[in-house]
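In what follows, a structure is listed as structure tokens, so that the remarks can point back to it.
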Amino acid sequence: MSSSTTIRTARRRSLRVATAALIAAAGLSLTACNNSDDTASKPAAGASSAGSSAGAQGSDGQPDNAKSGSGNGASKGGGKGKFCRTDDLMMEAVDSSPDQQTGEVTVQMTNKGAKTCSATGFAGVDLKDGDGTSAPVHRGGEQPRITDLKSGDTATFSISYKVDSSGDSQASPTDIIVTPPNETHSVSLKWPAEALKLAGPYDEKIQVHPVGIAN
């Protein structure tokens, strides 16, 4: 091999090595640029976590006062209207004993308001005695039914009790303190004068029954 041929071969090898080095350098530079772009486009780990947490709060983690509307739905009582307010009801207590052995007083509640309201459930009842004391009346075991009252409609509930046949009972109710279902304001109604004598004491034998639509 001549010296000129050797020189040309050495030059070609040098060119190939140089070209390979340039290609490798360009590849490293491009990779570095891509990594830089990815880093810039992605938030830091802490920022990403905070963003997802804020999104969760925005979807269903509302503050309590923002959810107050869902609480209003619970006040429907399963009926068409909101619960009847005490001020919307005209009430009266009457003797409804079916015979001389069964004591019963019925409280009538008429919706004097302009809108339909629900009287579903048990009324709170206390009996006030002649000596000024009062005692709560126990609930019966019946299941309440939806009781919606249009304007002018009447609902009733009854108080059943054991009749005194001895003449020695010390129970002498004078008033019925009534709190309509799902209300906190009470009214005082007179115990019907014609009602049968109640056998004391004021215990679970005296029961209040659920509100229902008047027949």
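Remember, it's a predicted structure, so these values are computed and weren't measured experimentally.
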Closest non-hydrogen atom pair, [X] against [Y]:
| X | Y | result |
| --- | --- | --- |
| Pro192 | Ala93 | CG-O, 3.7 Å |
| Gln100 | Val163 | O-CG1, 3.9 Å |
| Pro173 | Asp129 | N-OD1, 3.8 Å |
| Val208 | Phe122 | O-CE2, 3.6 Å |
| Gln108 | Thr154 | CB-CG2, 4.2 Å |

Between atom [atom1] of [X] and atom [atom2] of [Y], what is the distance when rounded to the nearest 0.5 Å?
| X | Y | atom1 | atom2 | value |
| --- | --- | --- | --- | --- |
| Leu198 | Asp164 | CG | CG | 8.5 Å |
| Asn182 | Ser118 | CG | OG | 7.5 Å |
| Thr116 | Asp153 | OG1 | CG | 7.5 Å |
| Asp148 | Cys84 | CG | SG | 8.0 Å |
| Ile177 | Ser188 | CD1 | OG | 3.5 Å |

Sort out for me which residue in Thr179, Thr86, Asp126 forms a side chain to side chain donor-acceptor pair (under 3.5 Å) with Ser186.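 Going through Thr179, Thr86, Asp126 one by one, the side chain to side chain donor-acceptor pair (under 3.5 Å) with Ser186 is satisfied by Thr179 alone.
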
Under 3.5 Å: donor-acceptor pair, side chain of [X], backbone of [Y]:
| X | Y | answer |
| --- | --- | --- |
| Ser158 | Ser160 | no |
| Thr174 | Lys128 | yes |
| Tyr161 | Leu196 | yes |
| Gln170 | Asp168 | yes |
| Ser97 | Asp99 | no |
| Thr156 | Ala214 | no |
| Thr147 | Val211 | yes |

Going through the distances and angles, do Met91 and Val187 end up as a side-chain contact (heavy atoms from CB on, under 4.5 Å)?
CA-CA 8 Å; Met91 288 182 263; Val187 295; 3.3 Å; yes

Take Leu89 and Thr110, measure what side-chain contact (heavy atoms from CB on, under 4.5 Å) needs, and give me the verdict at the end. CA-CA 5 Å; Leu89 297 172; Thr110 301; over 6 Å; no

Quiz prompt | Chi angles and distances behind the salt bridge (charged side-chain N to carboxylate O under 4.0 Å, His left out) call for Arg85, Asp87 | solution = CA-CA 5 Å; Arg85 313 304 297 178; Asp87 290 343; over 6 Å; no

Take Val105 and Val94 through the side-chain contact (heavy atoms from CB on, under 4.5 Å) test and state the conclusion after the steps. CA-CA 6 Å; Val105 169; Val94 298; over 6 Å; no

Under the criterion side-chain contact (heavy atoms from CB on, under 4.5 Å), I'd like the reasoning laid out for Val178 against Phe157: C-alpha separation, chi angles, the key distance, then a yes or no. CA-CA 11 Å; Val178 177; Phe157 68 87; 3.8 Å; yes

Is a side-chain donor-acceptor pair under 3.5 Å present for Ser96 with Glu104? yes

**Message:** Could you check whether His138 and Glu204, counting side-chain N and O atoms only, form a donor-acceptor pair closer than 3.5 Å?
**Reply:** no

Inset, instruction - Taking atom CD of Glu142 as the centre, report whether more than 12 heavy atoms of other residues, nucleotides or ligands fall under 6.0 Å from it. - result: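 For Glu142, atom CD is crowded (more than 12 foreign heavy atoms under 6.0 Å).
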
Any ion pair linking Asp88 and Lys112 (charged N to carboxylate O, less than 4.0 Å)?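 Not counted as a salt bridge, because no side-chain N and carboxylate O are separated by less than 4.0 Å.
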
